[in-house]
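Atoms within each ligand, like the ligands themselves, are counted from 1 in listed order.
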Amino acid sequence: MPASSPLYLQSSVSALRGVGPALVQRLQRMDIWRVQDVLFHLPSRYQDRRHILPIGTLLPEQEGAVLGEITHVEHLRGRRDQWLVTLSDGTGQLYIRLFHMLAPMRAQWQKGRRLWCFGETRAGYQGLEMVHPEWQMADQPQFQAPTHLTPFYPSTQGITQAQWRRWVAQALTLVDQLPDYLAKYLGPAWPPLGEGLRLLHESAEEVPTPAHPAWQRLALEELLANHLAIRSARTASDETGAPVIKASGRLWLAFLKQLPFAPTAAQQRVIAEINQNMAQARPMRRLLQGDVGSGKTLVAAAAALTAVEQNYQVALMAPTEILAEQLHDRFVEWLTPLGIQVGFLVGGLGQKARREVLENLHQQRLQIIVGTQALFQDDVKFAGLGLVIIDEQHRFGVDQRRQLLEKGTIPHLLVMTATPIPRTLAMTVHADLDLSIIDALPPGRRPVETLVVADTRRAELMTRMQHRLAEGDQIYWVCPLIEESEILALQAAETSYADLQAALPEVAIALVHGRLPAAEKARVMADFKAGKTRILVATTVIEVGVDVPNASLMVIEHAERMGLAQLHQLRGRVGRGQRQSSCVLLYHPPLGEKARARLQVMRDSRDGFVIARKDLELRGPGEYLGTRQTGLLQMRVADMMRDEALLAELPRLAAQLLHENPEAVQALIQRWLGNRLDYSQVG
Ligand SMILES: Nc1ncnc2c1ncn2[C@@H]1O[C@H](COP(=O)(O)OP(=O)(O)OP(=O)(O)O)[C@@H](O)[C@H]1O
């Protein structure tokens with residue numbers, strides 16, 4: 001082997017031992033280009049493989065190591081071969097399910113052998129099981145149970161955890177060379193930057209917690225990097241002018257006359273904030289936040305009317321075709337009586353129809369266009385785009401948002417989200433976005449009654465459903481994504497669909513899932529909306545934004561596997577009309593402790609903010625890192641809600657750095673935001 005050349009933080013990852021050309025490409029796809037980027041690729045959690053857990057004490061969804069004797073090996077032949085291995089340790093039995101078993105492994109996995117394995121338990125049909133755990137035969141001399149915590153890195157296909165650990169170890173030898181731009185501005189109580197990175201990569205004994213000063217040091221720098229990125233983008237966009245749109249309110253008043261309800265005070269307030277914003281040449285960058293069902297669509301319509309009255313076009317984007325279609329229908333229903341033409345553009349549109357829409361848009365025969373990502377394509381040209389509205393922005397790539405904004409001169413931008421972010425946090429971190437909050441639900445809403453029910457009680461549930469159906473109500477039946485596999489989710493949904501059809505043969509039931517062709521999806525949703533189908537079985541495609549006020553019961557299968565934010569979103573699909581609605585959270589017993597606590601939060605609370613806070617509290621150590629953040633910003637170590645106290649430091653640090661060390665500003669942004677095109681570059 002040739003002598004390895006010296007390694008630098010700025011060296012390409014190819015300089016790391018064990019990284020060949022194919023791996024370089026894979027790493028680059030994860031936005032890891034240089035050795036320094038490996039240092040900032042932080043573990044998403046830690047595995048504790050040190051302690052052997054008695055099998056009898058295991059709960060579902062528990063990760064851990066067990067050691068026992070193989071008492072049975074069964075080869076299950078079927079569409080797909082499987083092996084079911086029984087492991088016993090005197091306290092209980094655990095099944096190990098394997099979908100492939102190569103000959104050398106088969107030779108070892110014999111009855112009577114002692115086996116150590118590490119994995120996550122799940123409730124299987126026969127009892128607790130682990131699927132493809134990591135393993136070692138424990139009755140041979142080379143067996144060694146791990147003595148340290150094991151960091152677990154976010155990865156991609158073709159990169160193993162062992163590889164990450166080797167690369168990180170190499171990069172860590174350079175950690176002290178990393179420039180610490182903040183040291184001189186922070187008091188002596190703050191540990192150096194490198195300590196934070198060591199803490200996260202090297203913790204051997206205890207899972208690090210966010211309260212640790214070294215962690216806080218990293219979080220502070222990450223928040224600052226985001227803050228700086230946003231600040232610099234905002235300065236750039238401030239210099240360029242957006243159209244000054246001042247409407248008389250003529251269209252809005254005409255619209256109100258035909259609306260069957262009156263806007264709430266909260267809606268009126270945010271509409272006024274938006275109108276004021278659009279009347280300025282400084283481009284609007286406004287985040288409209290409102291809990292599920294708070295009536296954001298009406299606010300979007302009001303903003304659109306302001307632009308249309310002054311002859312500007314409006315683009316309205318939704319994250320999925322179903323939602324785009326629904327928004328389109330709503331806008332057509334509301335606005336065509338006022339003589340406004342609303343177009344629709346999604347990927348699945350035929351060539352001819354598409355050309356026609358584009359032509360109409362370009363000639364300004366369409367004032368409003370509703371669609372999905374398809375609105376970004378190069379050939380989509382506007383005559384005068386004045387306002388862009390994005391629904392549930394976090395589903396959109398930042399890049400796409402930028403592309404759309406490039407289509408107008410500098411259009412105003414309104415982003416709608418149901419994700420709760422406290423005002424103070426949003427103001428500090430999203431320095432570029434102004435915030436409007438709809439803080440009250442429309443009147444007459446009755447809180448959704450939430451029940452937590454074991455899935456062994458399906459018979460009772462069927463009776464409840466029959467009652468509802470007899471009263472003319474409609475029902476959602478949701479099957480969540482299992483193990484992040486769309487195919488498994490689909491199988492589960494198909495099974496539930498068949499079961500429901502068998503149990504309620506006289507009822508019209510439909511199935512909708514992510515793999516249906518767009519037109520088919522649209523048809524199924526339209527039928528449900530029109531009341532032609534009474535039960536809609538769905539994978540979580542209905543999660544965001546579907547509005548069918550007549551649906552008053554939602555059943556969520558395997559609710560114990562879902563996150564709180566997702567459950568809250570889903571539940572928000574019912575309780576949108578005047579009638580008393582219910583949400584049944586079905587779980588598969590036995591229930592793990594954490595899952596029980598999560599479901600209890602759902603039963604006790606209906607407020608998105610409260611639920612988000614509880615979610616934070618319920619995350620155990622090791623679940624803090626790499627968790628999906630509240631939509632807008634995805635951070636690695638910081639959490640806006642948890643690290644609220646750090647935000648106070650940001651303006652001072654930012655001002656000092658910008659003044660004294662502008663190069664450091666760019667370096668920090670690069671370090672934390674990397675080459676990702678961040679939304680801060682928008683506009
Ligand atoms: N002021 C109001 N009075 C009565 N009903 C209203 C009012 N505003 C909106 N609604 C109705 O409330 C329902 C929910 O509104 P909308 O779909 O806009 O919610 P949303 O904020 O987009 O929620 P989500 O984030 O869940 O999609 C709709 O059926 C809408 O017609």
We want to know whether S582 and E449 form a side-chain donor-acceptor pair, criterion being a heavy-atom distance below 3.5 angstrom. yes
Need the ligand 1 atom indices (1-based, order shown) with element for anything under 4.0 Å from a heavy-atom of T264. 1 (N)
May I ask you to check if ligand 1 and G293 share an N or O to N or O distance below 3.5 Å? yes
Inspect the contact between E273 and R286 and indicate whether a charged nitrogen and a carboxylate oxygen are less than 4.0 angstrom apart. yes
Polar atom proximity, G295 to ligand 1 (N or O, under 3.5 Å): yes
R330 NZ/CZ over W334 ring centroid, <6.0 Å and within 45° of normal: yes
Heavy-atom pairs closer than 4.0 Å: do any link ligand 1 to the side chain of R330, the backbone, both, or neither? side chain
Which atoms of ligand 1 sit under 4.0 Å from any heavy atom of A262? 1 (N), 2 (C), 3 (N)
Hey, are D391 and K296 close enough for a salt bridge, meaning a charged N less than 4.0 Å from a carboxylate O? no
Could you say whether the N/O atoms of G290 and ligand 1 ever approach to under 3.5 Å? no
Within-4.5 Å side-chain heavy-atom neighbours: M416 and I389: yes
Ligand 1 N/O within reach of T297 N/O, cut-off under 3.5 Å: yes
What do you reckon, does P263 put a non-hydrogen atom under 4.0 Å from ligand 1? yes
Checking T450 against R571: is there a side-chain donor and acceptor pair closer than 3.5 Å? yes
Are E520 and R523 ion-paired here, with the side-chain N under 4.0 Å from a carboxylate O? yes
Do Q289 and S436 have side-chain atoms, one donor and one acceptor, less than 3.5 Å apart? no
Non-hydrogen atom of A300 closer than 4.0 Å to ligand 1: no
Given that the side chain starts at C-beta and the backbone is N, CA, C, O, which of these parts of Q267 lies under 4.0 Å from ligand 1, counting heavy atoms, or is it both or neither? side chain
Hey, does R573 sit under 4.0 Å from ligand 1 if you only count heavy atoms? yes
